[in-house]
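Input: a single structure, listed below in structure tokens.
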Amino acid sequence: MDKQRLGETLRPYLMIAPAMAGIFLFVLYPVVFLGYLSLYDYNLMNKAKSKFIGFDNFAEIFSREDFYKSLSNTVIYTAGVVVLTLLLSLLLAVWLSKKSKFNVFVQAGIFTPHVVSIVSIALVWLWMMEPNLGFLNYVLKALGLPTSEWLQSSRSALMSVILVSVWQGIGYYVLIIVAALQSISPSIYEAAALDNANKLRTFWKITLPMISPQLFFILVIMTIGSFKVFDTVKVMTGGGPNNATNTLVYYIYENRTTNIGYASATGVVLMAIIALLTFVYFRLLSRRVHYQ
Amino acid sequence: MASIEFVRVSKAFDKQEVIKDLNLTIEDGKFTVLVGPSGCGKTTLLRMIAGLDPQTSGSVLIDGKDVTRIAPGKRGVAMVFQNYAIYPTMSVRENIEFGLVNNKVGKAEREELVESIGKAVGLSDYLDRKPSTLSGGQRQRVALARAMVKKPSVFLMDEPLSNLDAKLRVQMRIELIELHKKLGTTFVYVTHDQVEAMSMADKIVLMNKGVIQQEAPPDTMYRRPSNRFTAQFIGTPPMNIGELGAGGIKYGFRPESAVLSEVQGDEPFSVRGVIATREMLGSETIYQVRSDSGNFMVKRSEDLFAAGQEVFVGVAAEKLHFFGEDERRIEEKQGAYRDYLEALRGRSHG
């Protein structure tokens, strides 16, 4: 009898055990280990020489100029990518939300970059942005517009990386917003027309609130993703020129061999920033998001 | 208040003509119901009045003015949609006042209007709630309030009751009749339900395949259907129709016009048959009688017969209708009417 009851109590835990094991192994353990490493002056060659140094790594982070440089780069990059992508994908989605063959074609075209590997895309853009022989400057010249140094000047490098990221990500977000727009019942727009609402007011008061859950989702997902940008930076600039495109994750990557404890501490700081930002988003915006 | 006029109106969707050269006048202040089977063009007409799907050709006049080029929001009409089309992200109050804000009505006046309309439709306690927390009936009232608050000269309703349960529908029907009496504005109501049409309308406009079959008050529509389609669309069960024999002439009678008896009477129409089914509905009983002349539905207030019993179905002369080969009604004063009556008497069998 008791044995049977014991079995019944244990069964659910047994059932979720495989999944929980995965989560422990691949999520919790790495996070905890990251925290552990961040408290050490860790020696990769000889573990025995590792030294517990408490919060010294963190103290160092906040006193180093290059950390602030990469943090501000990351913030600018994130703000640029999030704002540009949201605005452009919203505009494109509103344009593409009418179902027609042409629109489906355009949408497929916009989505294509999302399918291609970011490394290939970064390489292609790298060539196109070459100041002397690149396609972009060729076009600008042909149109009589001033050319740019693109990735080779510290003033325009970050902007160039933002441009590539926006170009690559926009199709996916257009897809989400188009789906959201198409799910709005047309009779709501008809009711608004009968209520004498002009186009702009209809957009502000009906369309935007109706797709706010999707926009909020995109905002959060994209902020987190942009804070962790690495691949474009790695392929296109390597953080340069003169640290102009060095972002937090690339900064961690640079320190991975020389000082793993310091790199881990930076990882913890990055995690904290993202958590804080997401929390702030939810606190500030959740009242403006209308779930039905 | 306003009358509505359709002048030689046509409407095509993707080159498929739904309505062709239609003329119709909807009187000022009347409760007009557009009724017909689905796809008959009744909703299309309603949406033309609203300006949501403008006509392909012809003109729509509201209060004598051609509104073809006037935007929906400036026509002085309000519409209640089948699915209510409430703005889900706005509170009940915002829903009701959205049109007022757009029309630049002052805040104080707006608040007063919303409060009084809210009270009128019984939503006072729900003004700050989101529509998703309301029941179907309450949402219906929000939709009504949103239409009423604009004080439109024409009320358009597109099957507003079809999403409600049967009990609530009957209650709302009465409320709509009262609302119309109170406001005295022109109501145009679209439904496929002939019971709704009969119970609420001052005037019914019956349509089929884009063509108006009959325009008449409910009692005329019921007692003197102008063609076979009307006769069979209005009334439950529909009118019994049978072949007279020669010339494609058909006769018809309402289920409640027939009497059942065990012995043959002297009515002009009298046939013997067997009761195939019996539906006891409480206040009335519906029999299906199978005879050599076809199946007839008979509705009686008394419940005297059982299934399987042999009975005579009799119909008095004044309760009989005749329809010509063109399906049109043959009036009593037409010469042939007597001949048809005699022909029917000759066909009676016992």
Side-chain angles (χ1 to χ4, degrees), chain A residues 86 89-90 93-94 97-104 176-220 281-292, chain B residues 43 46-54 67 70-91 94-105 130-134 139 142-152 154-160 163:
Chain A
L86 260 181
S89 51
L90 188 60
V94 169
S97 62
K98 271 220 184 90
K99 286 175 187 161
S100 75
K101 279 203 178 124
F102 177 72
N103 283 356
V104 169
I176 293 179
I177 300 176
V178 164
L181 287 172
Q182 285 174 349
S183 70
I184 302 174
S185 156
S187 63
I188 288 183
Y189 287 120
E190 289 170 359
L194 281 162
D195 269 344
N196 201 16
N198 59 35
K199 283 232 162 84
L200 201 67
R201 204 170 142 72
T202 307
F203 184 76
W204 275 113
K205 283 287 172 184
I206 292 166
T207 310
L208 269 191
M210 291 291 277
I211 62 170
S212 56
Q214 286 83 357
L215 292 179
F216 186 63
F217 168 78
I218 292 174
L219 180 71
V220 172
Y281 275 157
F282 271 88
R283 281 307 287 270
L284 285 184
L285 293 173
S286 58
R287 257 183 345 115
R288 299 189 161 271
V289 178
H290 299 278
Y291 296 101
Q292 285 173 53
Chain B
T43 301
L46 194 78
R47 293 170 63 87
M48 275 183 212
I49 303 174
L52 297 173
D53 280 324
V67 292
I70 297 178
K74 298 195 160 58
R75 292 186 176 198
V77 302
M79 184 158 165
V80 178
F81 291 82
Q82 182 171 6
N83 62 3
Y84 315 143
I86 294 171
Y87 313 123
T89 57
M90 299 185 199
S91 68
E94 289 168 320
N95 258 285
I96 299 174
E97 69 175 6
F98 189 63
L100 297 177
V101 177
N102 294 333
N103 289 333
K104 311 243 166 9
V105 176
K130 279 279 166 66
S132 55
T133 63
L134 300 181
R139 285 181 207 190
V142 176
L144 267 178
R146 188 174 66 181
M148 280 161 66
V149 80
K150 290 188 285 184
K151 303 205 173 111
V154 178
F155 258 97
L156 307 174
M157 304 193 191
D158 186 7
E159 311 214 9
N163 285 352

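The sequence lines fix the lettering, A, B, ..., with proteins before strands; numbering per chain opens at 1. Fair warning: this is a prediction, and the values are worked out from it, not measured in the lab.
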Q) Does B:Asn103 offer a backbone N or O that forms a donor-acceptor pair with the side chain of A:Asn196 under 3.5 Å? A)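 Flag not set: sc A:Asn196 to bb B:Asn103 has no pair under 3.5 Å.
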Q: Check for a donor-acceptor pair, side chain of A:Lys205 on one end and backbone N or O of B:Phe98 on the other, with a separation under 3.5 Å.
A: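 No; zero donor-acceptor contacts below 3.5 Å.
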Q: Under the side-chain contact (heavy atoms from CB on, under 4.5 Å) rule, collect the residues that match up with A:Leu284, sequence neighbours excluded.
A: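 Result, side-chain contact (heavy atoms from CB on, under 4.5 Å) vs A:Leu284: A:Val280.
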Q: Just jot down the salt bridge (charged side-chain N to carboxylate O under 4.0 Å, His left out) partners of B:Arg139, sequence neighbours excluded, or say none.
A: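 B:Arg139 satisfies salt bridge (charged side-chain N to carboxylate O under 4.0 Å, His left out) with no other residue.
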Examine whether an atom of [X] lies under 4.5 Å from a heavy atom of chain A, and if so say whether it belongs to the side chain, the backbone or both; otherwise answer neither.
X	answer
B:Val77	both
B:Arg75	neither
B:Leu156	neither
B:Ala78	neither

Q.
For the OG1 atom of A:Thr202 and the CG atom of B:Asn102, what is their distance to the nearest 0.5 Å?
A.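 Reported value, rounded in 0.5 Å steps: 7.5 Å.
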Q.
For a quick test of reading the model, state the closest non-hydrogen atom pair linking B:Ala85 to A:Ala191 and the distance between them.
A.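 For B:Ala85 and A:Ala191, the tightest heavy-atom pair comes out as O-CB, 3.8 Å.
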Q. Taking all atoms of both residues into account, what is the closest heavy-atom pair of A:Leu194 and B:Met79, and its distance?
A.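 Taking every non-hydrogen atom into account, CD1-CB, 3.4 Å.
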Q. In residues 181-188 of chain A, which residues are in contact with chain B at a heavy-atom separation under 4.5 Å?
A.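 Against chain B, the residues of residues 181-188 of chain A that fall inside the cut-off (heavy atoms, under 4.5 Å) are A:Ser185, A:Ser187, A:Ile188.
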Q) For B:Tyr84, what residues pass the ring pair (Phe, Tyr, Trp, His ring centres under 6.0 Å) criterion, not counting sequence neighbours? A)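 So B:Tyr84 forms no ring pair (Phe, Tyr, Trp, His ring centres under 6.0 Å) with any residue.
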